[in-house]
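What follows is a set of notes on a single structure, which appears directly below.
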Amino acid sequence: SYAKQSNDLMVDLTVTEDGFQPKKIDISPDTPVILRITRKTDNTCSTSIQVPSKKITKELPLNKTVQISLGRLSKGEIRFGCGMNMMDSGMIYVK
């Protein structure tokens, strides 16, 4: 779900046994984005999130919401995934 707070677009992500939900996020260019991630399971390698292109890595404590500000995004694709860089990842499409 997306909610506007000031000019920032809040994007809610959850981490379940199936990984990050949603895996695909569509955003308009030049929108300041804040991810709100809540890990709901211990049965996952996604105990942290990384956004390589933004050089961001954050721990995801169980059942606590972590906010990550990505700033204004320009056109392109921004990958995010588990801290171990394994198969579980998603993509933000800025177009």
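Each residue takes its place number in the sequence, starting with 1. Bear in mind the structure is a predicted one, so any value in this text is a computation, not a measurement.
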Let me confirm one number: the CD-OG distance from Gln50 to Ser89, rounded to the nearest 0.5 Å.
10.0 Å

Take a 6.0 Å sphere around NZ of Lys40 and say whether it holds more than 12 heavy atoms from other residues, nucleotides or ligands.
no

Test item: Ile68 and Ile34 side chains (from C-beta on) under 4.5 Å apart, heavy atoms:
no

Taking atom types as modelled and ignoring hydrogens, do the side chains of Gln21 and Thr14 form a donor-acceptor contact shorter than 3.5 angstrom?
no

I would like to know whether Glu77 and Lys95 meet side chain to side chain contact (heavy atoms under 4.5 Å, CB included); could you show each step before the answer?
CA-CA 9 Å; Glu77 297 178 354; Lys95 50 191 173 192; over 6 Å; no

Which distance, rounded to the nearest 0.5 Å, do you find between the CD1 of Ile37 and the NZ of Lys64?
15.0 Å

Indicate, with yes or no, if Val66 and Val15 share a hydrophobic cluster defined by side-chain heavy-atom contacts under 4.5 Å among Ile, Leu, Val, Met, Phe, Trp and Tyr.
yes

Taking all atoms of both residues into account, what is the closest heavy-atom pair of Val94 and Pro29, and its distance?
CG1-CA, 3.5 Å

Starting from the C-alpha separation in whole Å, work towards a yes-or-no answer on side chain to side chain contact (heavy atoms under 4.5 Å, CB included) for Val33 and Ile25.
CA-CA 11 Å; Val33 173; Ile25 301 164; over 6 Å; no

Take Leu70 and Leu35, measure what side chain to side chain contact (heavy atoms under 4.5 Å, CB included) needs, and give me the verdict at the end.
CA-CA 7 Å; Leu70 298 181; Leu35 298 180; 3.9 Å; yes

What is the distance from atom OG of Ser28 to atom CG of Leu9, rounded to the nearest 0.5 Å?
8.5 Å

Taking the side chain as every heavy atom from C-beta outward, state whether Thr31 and Leu73 have any atom pair closer than 4.5 Å.
no

Ring pair (Phe, Tyr, Trp, His ring centres under 6.0 Å) contacts touching residues 18-44 (sequence neighbours left out)
Phe20-Phe80

Just jot down the side chain to side chain contact (heavy atoms under 4.5 Å, CB included) partners of Glu59, sequence neighbours excluded, or say none.
Ser48

Any donor-acceptor pair under 3.5 Å from Arg72 side chain to Asp30 backbone
yes

Would you say Val11 ends up clustered with Met91 if hydrophobic residues are merged whenever their side chains have heavy atoms under 4.5 Å apart, either directly or through other cluster members?
no

Cluster question for you: counting only ILVMFWY and a side-chain heavy-atom cut-off of under 4.5 Å, with indirect links fine, are Ile27 and Ile56 together?
yes

Check Thr65, Leu60, Asn63 against Arg39 for a side chain to side chain contact (heavy atoms under 4.5 Å, CB included) and give me the one that passes.
Leu60

Between Thr38 and Leu13, does a side chain to side chain contact (heavy atoms under 4.5 Å, CB included) hold up when you go through it step by step?
CA-CA 6 Å; Thr38 309; Leu13 289 171; over 6 Å; no

